[in-house]
Amino acid sequence: MTRTWALELASFGVRAAGIAPGLTDTPMAAQVPETARQEMLAKIPLGRMGRPEEIWLALRFIVECDYFTGRVIEVDGGANF
């Protein structure tokens with residue numbers, strides 16, 4: 001959808017982008033049972049959860065880079081669930 005929105009809105013000076021966060025260290029992730037969390041962590045090449053600040057860095061890039069549109073940034077430590 002970000003690609004479609006980018007094509008439709010570019011002529012109006014509007015950019016469209018998305019962020020697809022992986023397992024992130026938040027209160028919601030803390031609710032996941034420990035065994036399930038460990039199974040998910042085992043599938044993340046970096047071997048850890050992301051930090052909210054790392055999601056913010058992706059958002060910051062999107063906001064600051066005027067040439068970025070129509071794409072989704074995956075911030076997931078290399079995981080492929």
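Computed over heavy atoms, backbone and side chain alike; hydrogens, waters and symmetry mates excluded.
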Verdict with reasoning, Ile44 to Asp76, per side-chain contact (heavy atoms from CB on, under 4.5 Å): CA-CA 8 Å; Ile44 300 173; Asp76 58 11; over 6 Å; no
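- Between atom CD1 of residue Ile19 and atom CG of residue Leu57 there is a gap of 10.0 Å, rounded to the nearest 0.5 Å.
- Shortest non-hydrogen contact noted between Gly18 and Thr2 is N-CG2, 3.8 Å.
- Nearest approach of Arg15 to Val63, heavy atoms of both residues: NH2-O, 3.3 Å.
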CA sep, side-chain torsions, deciding dist, call: Leu23, Arg48, side-chain contact (heavy atoms from CB on, under 4.5 Å): CA-CA 9 Å; Leu23 185 61; Arg48 65 175 179 83; over 6 Å; no
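- Remark: Arg51 CZ to Thr26 OG1 distance equals 14.0 Å, nearest 0.5 Å.
- The two residues Met49 and Ala29 have their closest heavy-atom pair at SD-CB, 4.0 Å.
- In the hydrophobic clustering of ILVMFWY residues, with side-chain heavy atoms under 4.5 Å counting as a link, Met1 and Leu9 come out together.
- Under the salt bridge (charged side-chain N to carboxylate O under 4.0 Å, His left out) criterion, no residue pair touches residues 20-30, with sequence neighbours excluded.
- In this structure, Ala58 and Val75 approach most closely via the heavy-atom pair CB-CG2, 3.6 Å.
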Verdict with supporting geometry, Glu8 and Val14, side-chain contact (heavy atoms from CB on, under 4.5 Å): CA-CA 9 Å; Glu8 292 290 325; Val14 176; over 6 Å; no
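- Here the closest non-hydrogen pair linking Ala6 and Thr69 is CB-OG1, 3.4 Å.
- Annotation for Arg60: atom CZ does not count as buried by contact number, only 12 or fewer foreign heavy atoms lying within 6.0 Å.
- When all heavy atoms of Pro45 and Lys43 are compared, the pair lying nearest together is CD-O, 3.4 Å.
- Residue pairs meeting the ring-ring contact (aromatic ring centres under 6.0 Å, His included) criterion with at least one member in residues 4-62, sequence neighbours excluded, are Phe61-Phe68.
- Between the side chain of Arg37 and the main chain of Val32, a donor-acceptor pair closer than 3.5 Å is present.
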